[in-house]
**Student:** 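I am attaching a structure below and will ask some questions about it afterwards.
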Protein chains: 2
Amino acid sequence: MDEPLRDMRTLVIQLRERIADLIREQALRPGDKLPTEAQLTARFKISRPALREALKLLEQDGLIYVEHGRGRFVSAISAIQIDRPITVFESVTEMTGHYGYNTVNKVLSISEEAPDAALAKQLHLDEGARVIRLERLRLEHDDPIMYCVDYVPRSIITARLYDIDWSGSLLALLDQYKQRPRMSAASVSAVMLPQDVVDRNDLRNFGPALLITETCFNAAGTPVVYALDYHKGSHFSFSLARR
Amino acid sequence: MDEPLRDMRTLVIQLRERIADLIREQALRPGDKLPTEAQLTARFKISRPALREALKLLEQDGLIYVEHGRGRFVSAISAIQIDRPITVFESVTEMTGHYGYNTVNKVLSISEEAPDAALAKQLHLDEGARVIRLERLRLEHDDPIMYCVDYVPRSIITARLYDIDWSGSLLALLDQYKQRPRMSAASVSAVMLPQDVVDRNDLRNFGPALLITETCFNAAGTPVVYALDYHKGSHFSFSLARR
DNA sequence: CGGATCATATTTGTCAGACAAGGAGGATCA
DNA sequence: TGATCCTCCTTGTCTGACAAATATGATCCG
């Protein structure tokens, strides 16, 4: 029924995909039993070790679970697919766009300064290194829905500060310098906006904010941005799967 | 140097942990080479298939990557390992304990009621099904740091409401009925406590709250709890990796 | 006939050994 | 000196086997 699979990716990766497809196609529901290892090896014409590696991956994904001596079963998480979880790294611009917002960036301030100790540690900066501090407001129909502060090591940006349009995507800018962030370590909390920010920008009605503090890393694992993003509580909620 | 590993969990799961430990202990940095499969099988006294399954898991985690013919290497993400990410499902009791809090539960109300349409949908309830509504406050040294509302399908709990000590762990209770939650679909936002809750419980100084709304599922994929957890903003912040 | 017990089959967990395929580095040869 | 080839190392895949947990049905006994 199914031809054996052969292309350039490793067998195991192909297998994982094929088995996930199988679950979808056959509309297997949580609790349903998967074919046994023997049946799957016969079906895909592959060896048991390769199959087991693929199944382990699906198990780690939470798509299936296993009971020794009984078999493998479709697990619950297959039913709770989150459309755009917060755990997927994306730029703020992409994120707001996904929420249906079409925001305009307003640069509040741009400056070069010496990092404090905590920041220098986050960005792995040497003694005497400097950072660019970018403070922005994101407006939806002139209504502020995000307040953002970004810190970028000065050494990354070779251009002069005032030759750059800072109202665009920071990710796109870093991409030009081959420093596109790929992943981040983030922490989430609920706060009120700092009082001075409220005063300076007339944000008395901003209300509670979801603060995401994250250190972003490029593909090589070097930190390239430290960001504080205050999301207006009434406008944002992030989804994720826990298991 | 290392004794072989034996306990009740499957070998592969133990192995994954041991190898992750190895990376930490030896302070391997992104790009560093891992021991070869041959060295690891010798070290841990396990077979190659078992080892490979474990390595595949770490690869999927993004902790390591592999190059055919060259070896396995530590990847960038290993640098941003989050100790206890929010994406790991655990009970509120476990979570607060991890934060160093030793909270006392105070039951505000317990009742049986008819779910509204949204709730019935979240819990996959049939027409006419009823739910238990549990409203609690978590106190740290008499200071409220969480306000929680849980909804559980009435059909799960066979005992009479007032025969149960609701101040304990809800997870432990559900476990007794073989309905232990294993995973959840959650959403995170920043809010103020509802006004009536503030008034009734004297919570004027609670400040902004991190609200986690989640539907919890048992191993079979059936929803068993719908929970609203308001975390006092000044006391909680959750970490996660994004990639 | 009913229920408990036991033997057997099924299914996953683990192991051993082998060969294929890709990559790296040194030896060889022009 | 430089290019080529060979060999070794490492990961990818396969085969076959046995152990351990579970399910099933037969058997035995009251």
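Order of the sequence lines sets the chain letters (A, B, ...), proteins ahead of strands, with each chain counted from 1. Basis for what follows: all heavy atoms, side chains included, without hydrogens, waters or symmetry-related copies.
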**Student:** Below 4.5 Å, heavy atoms only, C-beta onward: do B/Ser111 and B/Ile132 meet side chain to side chain?
**Tutor:** no
**Student:** Given C/dT14, is OP1 or OP2 found less than 4.0 Å from the side-chain N or O atoms of B/Arg52?
**Tutor:** no
**Student:** Go through the side-chain N and O atoms of A/Gln26 and A/Asp32 and say whether any donor and acceptor fall under 3.5 Å apart.
**Tutor:** no
**Student:** For B/Ile64 and D/dT10, what is the distance between atoms CD1 and C1' respectively, to the nearest whole Å?
**Tutor:** 14 Å
**Student:** Can you give me the N/O atom pairs linking the protein to nucleotides 6-8 of chain D at distances under 3.5 Å, or say none if there are none?
**Tutor:**
none

**Student:** C/dT12 P sits how many Å from A/Glu53 CD, rounded?
**Tutor:** 17 Å
**Student:** Whole angstrom is fine here: how far is it from CG in A/Leu57 over to P in D/dG12?
**Tutor:** 12 Å
**Student:** Counting only side-chain heavy atoms from C-beta out, which of C/dG13, C/dC15, D/dT13 sits nearest to B/Ala50?
**Tutor:** C/dC15
**Student:** What is the distance, to the nearest angstrom, from the CZ atom on B/Phe73 to the P atom on C/dG22?
**Tutor:** 17 Å
**Student:** Which of these nucleotides, D/dT10, C/dC15, C/dT12, is closest to any side-chain atom of B/Ser47?
**Tutor:** C/dC15
**Student:** If I take atom NZ in residue A/Lys33 and atom C1' in nucleotide C/dT10, what distance separates them, rounded to the nearest angstrom?
**Tutor:** 9 Å
**Student:** Assess the residue pair B/Tyr101 and B/Phe236 against the criterion (ring-ring contact (aromatic ring centres under 6.0 Å, His included)); give the C-alpha distance rounded to whole Å, side-chain angles, the decisive distance to 0.1 Å, and a yes or no.
**Tutor:** CA-CA 11 Å; B/Tyr101 299 132; B/Phe236 292 95; 5.6 Å; yes
**Student:** Name all residues meeting the salt bridge (charged side-chain N to carboxylate O under 4.0 Å, His left out) criterion together with B/Glu214; count only those two or more places apart in sequence or in a different chain, and write none if there are none.
**Tutor:** A/Arg242
**Student:** Under the salt bridge (charged side-chain N to carboxylate O under 4.0 Å, His left out) test, which residues partner B/Glu90, sequence neighbours left out?
**Tutor:** B/Arg84
**Student:** Using the salt bridge (charged side-chain N to carboxylate O under 4.0 Å, His left out) criterion, which residues pair with A/Arg16? Sequence neighbours excluded.
**Tutor:** none
**Student:** Taking the minimum atom-to-atom distance to the side chain of A/Glu37, which one of D/dT13, D/dT10, C/dG13 wins?
**Tutor:** C/dG13
**Student:** Encode nucleotides 18-24 of chain D as B, S and - characters from 5' to 3', where the letter depends on protein heavy atoms closer than 4.0 Å: B to the base, S only to sugar-phosphate, - to neither.
**Tutor:** --BBSS-
**Student:** May I have the step-by-step check of ring-ring contact (aromatic ring centres under 6.0 Å, His included) for A/Phe238 and A/His231, ending in yes or no?
**Tutor:** CA-CA 10 Å; A/Phe238 297 105; A/His231 306 73; 5.1 Å; yes
**Student:** Without decimals, in angstroms, what is the distance between A/Ile46 CD1 and D/dC14 P?
**Tutor:** 7 Å
**Student:** Verify whether one side chain among B/Arg138 and B/Thr93 offers a donor that lies under 3.5 Å from an acceptor in the other.
**Tutor:** yes
**Student:** Rounding to a whole Å, what distance do you find between B/Gln14:CD and C/dG13:P?
**Tutor:** 13 Å
**Student:** If you find the nucleotide of DNA chain D closest to B/Leu34 and the one closest to A/Pro49, which residue's nucleotide is nearer the 5' end?
**Tutor:** B/Leu34
**Student:** Tell me: CG of A/Leu11 to C1' of C/dA20, nearest whole Å?
**Tutor:** 13 Å
**Student:** Applying salt bridge (charged side-chain N to carboxylate O under 4.0 Å, His left out), can you list everything that pairs with A/Asp163, at least two apart in sequence or on another chain?
**Tutor:** A/Arg160
